[in-house]
Asker: 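My questions will all concern the structure given below.
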Amino acid sequence: MKLVVVSAGLSVPSSTRLLADRLAAATGRYTSVDVQVVELRDLAVEIAHNFTSGFPGRALSAALEAVTEADGLIVVTPVFSASYSGLFKSFFDVLDQDALTGKPVLIAATGGSARHSLVLEHALRPLFAYLRAVVVPTAVYAASEDWGAEGLAERIDRAAGELGRLMEGLGSGAGAVRRAEVADTAGAADKAEASVVVDTDTAAAIAPRSLDGALASADRFTVIPFEQQLAALRP
């Protein structure tokens with residue numbers, strides 16, 4: 001499976017990249033992954049040009065394609081002004097709005113003080129929930145004092161395990177179908193008409209007599225047009 005790591009660190013070496021690498025290595029212990037790292041620092045100019053021209057450059061286009069096709073993501077940003085960095089947000093602003101639908105994402109951040117740890121829940125998690133990604137329960141924040149201290153390795157391992165197991169689940173046959181269903185849901189609300197799959201036994205107990213013919217199917221599940229259901233409920 002393909003794991004893409006998005007790092008928004010600016011310095012070299014970068015604690016943000018270091019955390020990203022440790023998370024990727026830990027995930028590899030739970031599931032077999034092919035890791036690709038996207039360094040946003042190298043794409044800053046192309047991201048800015050994309051905003052003004054509407055077209056991504058070659059390197060940015062390749063990065064966007066990698067994120068879109070990934071089976072899972074690890075995203076790590078430094079904390080700027082109590083939130084994610086502008087470069088980090090800009091990259092996901094130019095990404096197609098449906099690219100992360102149903103995709104497992106592990107969120108992480110680095111900062112100079114432990115006081116900024118809530119950036120994970122107040123900024124990153126809402127952002128990826130809006131993009132309809134599946135964010136793993138454990139997020140990882142690393143302050144300057146966390147490196148070499150107790151607790152960080154355990155948080156990394158727990159989060160990586162959750163991501164690995166989620167990638168395995170969504171990569172299976174049933175999981176792939178579920179991801180397709182999640183993607184289709186985004187456009188379902190725009191359709192004027194819809195059909196509903198009804199459990200035959202349940203529907204037989206609650207449906208009016210006018211639906212008896214539709215429920216006579218030998219199949220366990222019967223598709224009943226939405227308009228027919230509305231008509232049956234009218235007095």
Side-chain angles (χ1 to χ4, degrees), residues 3-31 33 35-44 47 63 66-67 70-93 95 99-100 102-170:
L3 175 64
V4 173
V5 179
V6 178
S7 172
L10 298 180
S11 60
V12 179
S14 165
S15 61
T16 300
R17 174 62 188 270
L18 176 60
L19 179 58
D21 288 343
R22 289 187 62 179
L23 287 165
T27 303
R29 294 196 290 269
Y30 287 92
T31 185
V33 291
V35 179
Q36 178 178 346
V37 178
V38 174
E39 281 278 12
L40 298 187
R41 179 173 56 88
D42 299 333
L43 301 174
I47 291 173
V67 169
D71 296 298
L73 290 181
I74 294 174
V75 298
V76 191
T77 178
V79 175
F80 288 172
S81 302
S83 187
Y84 37 64
S85 72
L87 179 61
F88 181 86
K89 179 61 161 57
S90 295
F91 176 76
F92 290 100
D93 282 342
L95 183 69
L100 300 187
K103 195 182 302 293
V105 176
L106 191 166
I107 57 175
T110 58
S113 168
R115 292 192 297 272
H116 290 304
S117 61
L118 287 178
V119 69
L120 295 167
E121 305 303 325
H122 291 175
L124 270 76
R125 196 176 296 276
L127 170 63
F128 289 96
Y130 173 78
L131 294 173
R132 299 189 296 279
V134 181
V135 185
V136 303
T138 300
V140 180
Y141 179 81
S144 298
E145 61 266 28
D146 288 327
W147 297 103
E150 294 183 2
L152 179 59
E154 289 75 9
R155 296 199 303 275
I156 289 174
D157 187 69
R158 183 168 63 248
E162 293 169 356
L163 177 63
R165 287 187 290 271
L166 191 56
M167 290 176 64
E168 287 281 357
L170 292 180

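Just so it is clear, the values below take in all heavy atoms, side chains as well, and ignore hydrogens, waters and symmetry mates.
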Asker: How many angstroms lie between atom CG of Asp157 and atom CG of Leu152, to the nearest 0.5 angstrom?
Answerer: 11.0 Å
Asker: Would you mind listing every salt bridge (charged side-chain N to carboxylate O under 4.0 Å, His left out) that reaches into residues 75-91, with sequence neighbours excluded?
Answerer: Lys89-Asp93
Asker: Among Val105, Val76, Val119, which one satisfies side-chain contact (heavy atoms from CB on, under 4.5 Å) with Leu124?
Answerer: Val119
Asker: When you measure from the side chain of Glu162 to the backbone of Thr138, do you find a donor-acceptor pair of N or O atoms at a distance under 3.5 Å?
Answerer: yes
Asker: For residues 6-23, which residue pairs pass the side chain to side chain donor-acceptor pair (under 3.5 Å) check, not counting sequence neighbours?
Answerer: Thr16-Thr110, Arg17-Asp21, Arg17-Glu39
Asker: Could you report the tightest heavy-atom contact between Gly112 and Glu145, atom names first, then the distance?
Answerer: O-OE1, 3.9 Å
Asker: For the residue pair Ile107 and Phe128, what are the closest heavy atoms and their distance?
Answerer: CG2-CD1, 3.8 Å
Asker: Mind listing the closest non-hydrogen atom pair of Phe91 and Ala63 along with its distance?
Answerer: CE1-CB, 4.2 Å
Asker: Quick check for you: to the nearest 0.5 Å, what is the distance between Ile47 atom CD1 and Phe88 atom CZ?
Answerer: 11.0 Å
Asker: After noting the C-alpha distance and the side-chain angles of Trp147 and Leu19, does the key distance pass the side-chain contact (heavy atoms from CB on, under 4.5 Å) rule?
Answerer: CA-CA 10 Å; Trp147 297 103; Leu19 179 58; 3.8 Å; yes
Asker: Which heavy atom of Val140 sits nearest to which heavy atom of Ala159, and what is that distance?
Answerer: CG2-CB, 3.7 Å
Asker: Looking at residues at least two apart in the chain, or sitting in another chain, which of them share a side-chain contact (heavy atoms from CB on, under 4.5 Å) with Phe80?
Answerer: Leu10, Pro78, Ser85
Asker: Which heavy atom of Arg155 sits nearest to which heavy atom of Tyr141, and what is that distance?
Answerer: NH2-O, 2.9 Å
Asker: Which is it for Val4 and Val38 under the side-chain contact (heavy atoms from CB on, under 4.5 Å) test, yes or no, and what are the steps along the way?
Answerer: CA-CA 7 Å; Val4 173; Val38 174; 3.9 Å; yes
